[in-house]
Amino acid sequence: MFLFEEGLIPVLLLGLWVYCILDVIATDDVLVRNLPKGFWLMIVIFLPDIGSLAWLLLGRPLYAGWRPGDTTRRAPRRVLGPEDRPDFPTGPVRPAPPRPIEARPPVPPPLPSPEDRLAAWEDDLRRREEELRRRQEGEPEDPIP
């Protein structure tokens, strides 16, 4: 709560408001954007927070310096594409080397039909039931074939 009532934020907003008032007053009439200079001054004075932000975003001259009323134009950043770099390759385009031919992976054997799988499961079930019956009767187990 301290920052909002008596702290740093109100001081920063007051500083922004004073800066914007001085900037509007010191800016040349012909450089002001979107509205006349006097109207911008009234907006900044009567709507301190919103007016200050509106002035900075919509009314201030493009590429102006940061001192109030500074009319020297800052150069915008130049956008460099990859072809503007000094290490960008120039000249004829060489084709890519041919890729080696890869061997095809082996084809897996076909899956057994559902009838064959069912028959294998039934044989396995019969074998397990026979082993269980022998264990319960006490007969010796057959060696695994």
Side-chain angles (χ1 to χ4, degrees), residues 1-136 141 143-145:
M1 286 309 283
F2 177 72
L3 287 178
F4 293 109
E5 291 176 9
E6 302 169 1
L8 185 63
I9 293 176
V11 172
L12 291 176
L13 289 175
L14 179 67
L16 175 69
W17 184 56
V18 170
Y19 171 80
C20 289
I21 289 174
L22 294 176
D23 195 28
V24 170
I25 292 171
T27 301
D28 291 338
D29 291 342
V30 294
L31 297 177
V32 176
R33 296 184 298 149
N34 296 327
L35 294 173
K37 181 178 172 178
F39 198 65
W40 273 118
L41 187 59
M42 287 191 308
I43 290 175
V44 171
I45 289 174
F46 293 119
L47 301 171
D49 300 335
I50 296 171
S52 298
L53 290 176
W55 165 252
L56 292 176
L57 296 175
L58 302 172
R60 197 162 196 262
L62 288 176
Y63 308 114
W66 291 110
R67 292 182 312 180
D70 189 11
T71 58
T72 58
R73 181 177 168 90
R74 288 183 297 149
R77 288 185 172 185
R78 183 172 172 241
V79 178
L80 293 177
E83 65 276 358
D84 294 334
R85 294 187 344 219
D87 62 338
F88 187 76
T90 58
V93 178
R94 292 185 223 131
R99 293 185 356 194
I101 298 174
E102 298 175 5
R104 291 187 180 183
V107 178
L111 296 175
S113 68
E115 292 83 18
D116 294 340
R117 286 191 297 169
L118 184 59
W121 287 341
E122 287 176 349
D123 291 341
D124 187 44
L125 182 61
R126 273 192 221 105
R127 182 184 55 80
R128 288 182 183 183
E129 287 176 347
E130 184 66 29
E131 287 176 7
L132 185 61
R133 186 185 56 77
R134 285 185 186 154
R135 283 187 195 157
Q136 289 175 352
E141 296 181 14
I144 300 176

So do T27 and P61 actually touch side chain to side chain, heavy atoms under 4.5 Å? yes
Report all side-chain donor-acceptor pairs from residues 7-14 shorter than 3.5 Å, counting only partners two or more places apart or in another chain.
none

Got a list of side-chain donor-acceptor pairs under 3.5 Å for residues 42-58, not counting sequence neighbours?
residue: S52; atom: OG; partner: P48; partner atom: O; Å: 2.5
residue: W55; atom: NE1; partner: D23; partner atom: OD2; Å: 3.0

May I ask you to say whether R127 pairs ionically with E131, meaning some side-chain N is under 4.0 Å from a carboxylate O? yes
Residue list, side chain to side chain contact (heavy atoms under 4.5 Å, CB included) with R126, at least two apart or on another chain: E122, D123
What donor-acceptor contacts under 3.5 angstrom involve side-chain atoms of residues 96-111, with partners at least two apart or in another chain?
none

Between CG on residue N34 and CH2 on residue W40, distance to nearest 0.5 Å: 6.0 Å
Salt bridge (Lys or Arg N to Asp or Glu O under 4.0 Å) contacts in which one or both residues fall within residues 34-44, not counting sequence neighbours: D29-K37
Listed by chain and number, what are the side chain to side chain contact (heavy atoms under 4.5 Å, CB included) partners of R33, not counting sequence neighbours? L62
Would you find more than 12 non-hydrogen atoms of other residues, nucleotides or ligands less than 6.0 Å from R128 atom CZ? no
